[in-house]
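Quick notes on the structure that follows.
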Amino acid sequence: AKGQGKGRQVGYTAELDQRTAEQSRLAADLRTSLGTDQLHLLYQPIVSMPGGELYGVEALARWNHPDRGPVSPGVFIPAAERTGLIVPLGAWILEEACRQGAAWLYELGDASPRTVTVNVSARQLREAGFAHEVDAVLRRTGLPAHVLTVEITETAVFDGGAALAELKAIAALGVNIALDDFGTGHSSLSLLRTCPADILKVDKSFVDDITEGGQHAVVTAALIQICDGLRLRAVAEGVETAEQAAELHRLGYRYAQGYHYARPLPAERIPAYRPPLTVA
Ligand code: C2E
Ligand code: CA
Ligand code: CA
Ligand code: CA
């Protein structure tokens, strides 16, 4: 049994090495993709309930590898974070999304998304002068600060005091701050006292539970109360069915995002977004 355990351990280490090597290869390819058309952004509608009208969008990165085809951001974003490549990649994502947001404002006026949300990783937030960079991008692109939402996960803020200071500087510009995947981390509630948040993204796992009678349904119900009390906007993530949407609306949720409304779309398809026939 002892020998067997050891064998497994060796196998496990080899597997880890293999995965690390794989990640380094991917990161090397990703480095050469910067500035090419292999990278682009999709935009997923964030809607208001019960009508399902467009409220804002979240920018989601896509990478089309020349040999492998599409690589999931769940794979290439962590690889970019590990290698530090997320800093130049994230800078490009931020600028591209702000440029698109400004273009919508110009083209669509009142019908343009009221907020353009960009995911920012812990590594970017820790970079000294990131708030300055955000300010510079807003000036270059002409996007008003109040139209931008910077979305971060709670681990990013607890990465250290530097991240929190940058976040406060970004908030001071008038940019909105959203906490992503809220409720899945270790310190969600205490974070609300220190972090200058405007929006909570309630994680899909809580949304999944509400119509399945899961244990988290009570948390989903409590989170909207907390948001109301603290004057935070709650966005329910990963809404896939009309039943979930109806239940969320009944609980008091006013904003949602998910396949029930729309998948992430190319920028040019955002103006044609219309609510599904069954709304809420
Ligand atoms: P996230 O920020 O939590 O983004 C939401 C993810 O859920 C997206 O996956 C989106 O396509 C997916 N999604 C939206 N609605 C539904 C639904 O109804 N059902 C299901 N099953 N999924 C839904 P995606 O685009 O594959 O991105 C995965 C993760 O990669 C993101 O999770 C985010 O953490 C990261 N990511 C993506 N783009 C960026 C980026 O530009 N910068 C950074 N730092 N991270 C990014
Ligand atoms: Ca997000
Ligand atoms: Ca999320
Ligand atoms: Ca997530």
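Values below: every heavy atom of this structure, side chains too, minus hydrogens, waters and symmetry copies. Order of appearance sets the numbers: ligands from 1, and atoms from 1 within every ligand. Nothing fancy with the numbering, it's 1 onward along the sequence.
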Checking heavy atoms under 4.0 Å, the part of Leu60 that sits near ligand 1 is both
Would you kindly specify which portion of Lys201 sits under 4.0 Å from ligand 1, judged on non-hydrogen atoms: side chain, backbone, both or neither?
-> neither
Regarding His65 and Asp29, is there a side-chain donor-to-acceptor distance under 3.5 Å anywhere?
-> yes
Residues that Ala267 engages under side-chain contact (heavy atoms from CB on, under 4.5 Å), provided they are two or more places apart | Tyr43, Gln100, Trp104
Which value, rounded to the nearest 0.5 Å, describes the distance between Glu96 atom CD and His40 atom NE2?
-> 10.5 Å
Does Tyr253 reach the side chain of Ile210, with side-chain heavy atoms less than 4.5 Å apart?
-> no
Checking heavy-atom distances from atom 41 (O) of ligand 1 to each of Ile86, Leu39, Thr117, Ile93, the winner is Ile93
Please state which part of Val239 comes within less than 4.0 Å of ligand 1, counting heavy atoms only: side chain, backbone, both or neither.
-> backbone
What do you reckon, does His260 have a nitrogen or oxygen under 3.5 Å from a nitrogen or oxygen of ligand 1?
-> no
Can you list the atoms of ligand 1 that are under 4.0 Å from a heavy atom of Asp181?
-> 3 (O)
If you measure from each non-hydrogen atom of Gln44 to ligand 1, which part falls under 4.0 Å: side chain, backbone, both or neither?
-> side chain
For the residue pair Leu60 and Pro73, establish whether any side-chain heavy-atom pair is separated by less than 4.5 Å.
-> no
Proximity to ligand 1 by part of Ile77, non-hydrogen separation under 4.0 Å | side chain
Between Thr220 and Leu248, is any pair of side-chain heavy atoms under 4.5 Å apart?
-> yes
Residue-ligand contact Glu240/ligand 1, heavy atom below 4.0 Å = yes
Does even one non-hydrogen atom of Pro264 get within less than 4.0 Å of ligand 1?
-> yes
Against heavy atoms of Gly258, which atoms of ligand 1 measure under 4.0 Å?
-> 15 (N), 18 (O)
Tell me which part of Glu81 gets within contact of ligand 1: side chain, backbone, both or neither, using heavy atoms under 4.0 Å.
-> neither
May I ask you to check whether Arg62 has an N/O atom sitting below 3.5 Å from an N/O atom of ligand 1?
-> yes
Kindly indicate, with the supporting measurements, whether the criterion side chain to side chain donor-acceptor pair (under 3.5 Å) is fulfilled by Ser48 and Glu53.
-> CA-CA 6 Å; Ser48 55; Glu53 299 89 2; 3.3 Å; yes
Less than 3.5 Å between some nitrogen or oxygen of Ala61 and one of ligand 1, yes or no?
-> yes
Got Tyr261 and Pro276 here, is their nearest side-chain heavy-atom distance under 4.5 Å?
-> yes
Is the shortest heavy-atom distance from the side chain of Glu58 to the side chain of Lys201 under 4.5 Å?
-> yes
Option set Ile152, Asn119, Thr241, criterion heavy-atom distance to atom 44 (N) of ligand 1, minimum = Asn119
Students should find that the hydrophobic cluster of Val235, defined by side-chain heavy atoms under 4.5 Å apart, otherwise consists of Ile46, Tyr55, Ile199, Tyr255
Can you figure out which of Phe76, Trp92, Tyr259, Trp63 has its heavy atom closest to atom 23 (C) of ligand 1?
-> Tyr259
Note: Lys204, heavy atoms under 4.0 Å from ligand 1, region reported as side chain
Please state whether Gly238 comes within less than 4.0 angstrom of ligand 1, counting heavy atoms only.
-> yes
Within a strict 4.5 Å, meaning less than it, do heavy atoms of the Leu94 and Leu148 side chains meet?
-> yes
Pick one of side chain, backbone, both or neither for how Thr153 approaches ligand 1, counting any non-hydrogen atom pair under 4.0 Å.
-> neither
Pair Glu240 + Lys204, salt bridge at N-O below 4.0 Å | yes
Pick out which of Asp203, Asp208, Asp209 makes a side-chain contact (heavy atoms from CB on, under 4.5 Å) with Phe206.
-> Asp203
Go around the Ca ion (ligand 2) and count every protein N, O or S atom nearer than 3.0 Å.
-> 4
Contact check, side chains of Leu26 and Gln23, non-hydrogen atoms, under 4.5 Å | no
What residues, two or more places apart in sequence or in another chain, satisfy salt bridge (Lys or Arg N to Asp or Glu O under 4.0 Å) together with Arg25?
-> Glu22
Side chains of Ile152 and Leu167: does their closest heavy-atom pair fall under 4.5 Å?
-> yes
Asp180, any N or O under 3.5 Å of ligand 1 N or O | yes
Per-atom contacts, ligand 1 versus Glu58 - under 4.0 Å to a heavy atom | 2 (O), 4 (O)
